Amino acid sequence: MTAHLPARLTLLSVAFAASAAVAPSADAATLRLAIQAEPSSLAPSEVNGTVADGDVIADLYEGLTSVDAEGAIIPGAASEWQVSDDGKRYTFTLRDSARWADGKPVIADDFVSAFRAALNPESPSVYAALLYPLKNAQAAASNKMSLDKIGIHAKDNDTVVIELERPTPYLPALLANSVASPIPTHLIRSKGDKWKEPGTLVTNGAFTPTSWVPHDHLSATKNRYFHDADDVKLEGVEYIPTEGEAASVQRFRAKEFDILRSFPVNQITLLKKQLGDQVKLTPELNTYYYALNQREGQPTADKRVREALNLAIDRDIIAQKVMQDTVKPASGLVPPGVSNYHPAHMRGLDEPLTKRQQRARELLKEAGYDSEHPLNITLNYNKTSVNQPVAVVAAAMWKAVGIHTSMANTEANVHFSNLAEGKFGVGRATWLGDYDDANTFLDLLTSDNAKNYGAYKSSAYDALLDKANSMTDLERRAYQLRSAEQLALDDYALLPIYFDTSRNLVADRVHGWQANTINRHLSRWLSIAE
């Protein structure tokens, strides 16, 4: 055994009874964090996977591992871990000081129960596929094996043992994701499914919730039992959901928010002039794309239609004009900058636009569409200052090749629920890498991934990815991963648009904010100036 230490709910619909009418605090030690949408849940396995969910869950819960202010993996509820010589068994030792907000110890069974909940085939987490490296995890999620056969068990109260199907060197990074957060088994034993209800819920992270007024705010206070509580400077966090970015900027200017997690891209020049260093722009491992619904009966189930949709989009125009040169045009799924990887590129996108448009018209005609019987598609998106103008421009580009586009925009939680359920035509999506490896992007297109919104299915793709992830030689693995990406791009499995940049507004009084490529900023690392 080799010891390793790293280098560095069901949706709650009412407020917590104790403080249902409490307005967001203006306490100087309370961070006011404007998030992009209402949290979909406070149970780790039940979130929709939005940035807003990630912001909240990362503050309320702590997995076996966590991330520091710069996005690097650090010990979390586990103080250390060991890896077997074959790389297929990890043994995590929990901290003696790991505690739930009610003072009860965090035990190994809390993680075992959480992983089983995330992989439960009756209600799987949207992030369930992140746990597939565990032995029998994918089989259990597919209802082909019982949940107690998953490769995680409690050796004792203080030791979690994880068995893998194959070596997974990035496992510590996976375990910092919200899906790997523990759940309080001591409450589940006494309260059953009511552990998630207002007034009962406890968490093990740096903060624990005290009230939730839907569509107004979620309040959390410092968890006095958190193992690193002495170094947590904030007394609390107010998570305030926002829908209108322009209005949110005005509220930031009025000092209603300390941090705004998104702002209108067309205001960048003005905001830099007015707010200076409070504007934070950071390249990130993030791909903005359109999911193409390939379920039976959908026009995008036809590869020719998917190719035509891709060829008609001028990504340079979107990057330069709509996004003000803050992003890079995307011709693949994996963004540049991922370690040990050279991304693949979608064929045909390097041709002049006029030639691509002509080819798109030919493909549509082959698929049975013409001026008398045009292709009609629905473009689904959640309305923001970015999503709407990108959608409008994309629709205009499709119109140029004879495609008619209907727009459908909804609130973020509804939008992502619809994507997960296949209730869309072409759907706006984005993926921010959970860890620095091509697999976090390529795994999105595996057949059983809940985030595979378009329902792309290719046994050849799955086999290539599986083969790649059984390799320990980084060069050979990268070749296999790239082959998988190229296969999916040759199938026009999705429509990549651009590689994104995180856009945050951070007030001068906030200290501790660090730029990082995964755009994760836990409140435990922040403080408020007096």
Side-chain angles (χ1 to χ4, degrees), residues 49 87-88 118-119 121 124-145 149-151 163-171 173-174 177 179 287 289 291-296 298 300-303 306-307 310 332-334 338 340-347 419-420 422 427 429 431 433-435 437-474 476-496:
K88 295 172 66 174
L119 291 162
S125 166
V126 295
Y127 283 122
L130 286 181
L131 300 179
Y132 285 178
L134 273 67
K135 187 175 181 179
N136 300 326
Q138 188 167 4
S142 303
N143 209 18
K144 297 176 182 177
M145 190 171 289
K149 300 296 184 182
I150 296 168
E163 303 280 351
L164 303 172
E165 293 280 0
R166 54 183 179 264
T168 307
Y170 51 88
L171 181 72
L174 294 183
N177 186 272
V179 72
T287 304
Y289 68 97
L292 304 176
N293 196 337
Q294 292 155 64
R295 294 167 178 83
E296 186 176 358
Q298 294 286 340
T300 41
D302 190 323
K303 177 183 172 181
R306 301 196 301 272
E307 183 177 356
N310 267 286
L333 175 55
V334 182
V338 171
N340 305 307
Y341 190 71
H342 297 289
H345 298 280
M346 186 174 284
R347 303 182 199 277
L419 289 187
W431 187 254
D434 291 304
Y435 48 95
D437 190 272
N439 188 73
T440 187
F441 292 91
L442 299 179
D443 193 55
L444 292 175
L445 295 177
T446 53
S447 298
D448 296 323
N449 194 324
K451 288 285 189 176
N452 182 1
Y453 298 133
Y456 172 68
K457 291 187 183 298
S458 168
S459 57
Y461 179 87
D462 293 345
L464 281 169
L465 208 59
D466 188 63
K467 182 178 180 180
N469 287 324
S470 67
M471 295 176 171
T472 55
D473 183 287
L474 293 180
R476 292 180 60 227
R477 179 174 180 268
Y479 177 82
Q480 290 296 323
L481 289 172
R482 193 179 192 281
S483 297
E485 182 179 15
Q486 192 64 63
L487 174 62
L489 296 179
D490 288 349
D491 284 341
Y492 299 92
L494 76 168
L495 197 157

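Excluded from the calculations below are hydrogen atoms, water molecules and symmetry mates; all remaining heavy atoms, backbone and side chain alike, are included. Predicted model, so just to flag it, every value in this text is computed and none were measured.
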Is any side-chain heavy atom of [Y] closer than 4.5 Å to one of [X]?
{"X": "Glu165", "Y": "Asn136", "value": "yes"}
{"X": "Tyr132", "Y": "Asn469", "value": "no"}
{"X": "Gln294", "Y": "Asn452", "value": "no"}
{"X": "Thr440", "Y": "Trp431", "value": "yes"}

From [X] [atom1] over to [Y] [atom2], what is the distance, rounded to the nearest 0.5 angstrom?
{"X": "Asp448", "Y": "Asp443", "atom1": "CG", "atom2": "CG", "result": "10.0 Å"}
{"X": "Leu119", "Y": "Gln138", "atom1": "CG", "atom2": "CD", "result": "10.0 Å"}
{"X": "Tyr127", "Y": "Asn177", "atom1": "OH", "atom2": "CG", "result": "5.5 Å"}
{"X": "Lys149", "Y": "Lys135", "atom1": "NZ", "atom2": "NZ", "result": "10.0 Å"}

How far apart are the closest heavy atoms of [X] and [Y], and which atoms are they?
{"X": "Leu134", "Y": "Ile150", "result": "CD2-CG2, 4.0 Å"}
{"X": "Phe441", "Y": "Gly433", "result": "CZ-N, 3.7 Å"}
{"X": "Leu174", "Y": "Pro133", "result": "CD1-CG, 4.0 Å"}
{"X": "Tyr289", "Y": "Ala291", "result": "CD1-N, 3.8 Å"}
{"X": "Ala118", "Y": "Leu131", "result": "CB-CD1, 3.9 Å"}
{"X": "Arg295", "Y": "Ala455", "result": "CZ-CB, 3.7 Å"}

Quick check: are there more than 12 heavy atoms from other residues, nucleotides or ligands sitting under 6.0 Å from OH of Tyr479?
no

Taking everything shown except Lys467 itself, do over 12 heavy atoms lie less than 6.0 Å from its NZ?
no

Describe, in one word, how the ring planes of Tyr461 and Tyr456 are oriented to each other, choosing from parallel (under 30°), tilted (30 to 60°) and perpendicular (over 60°).
perpendicular

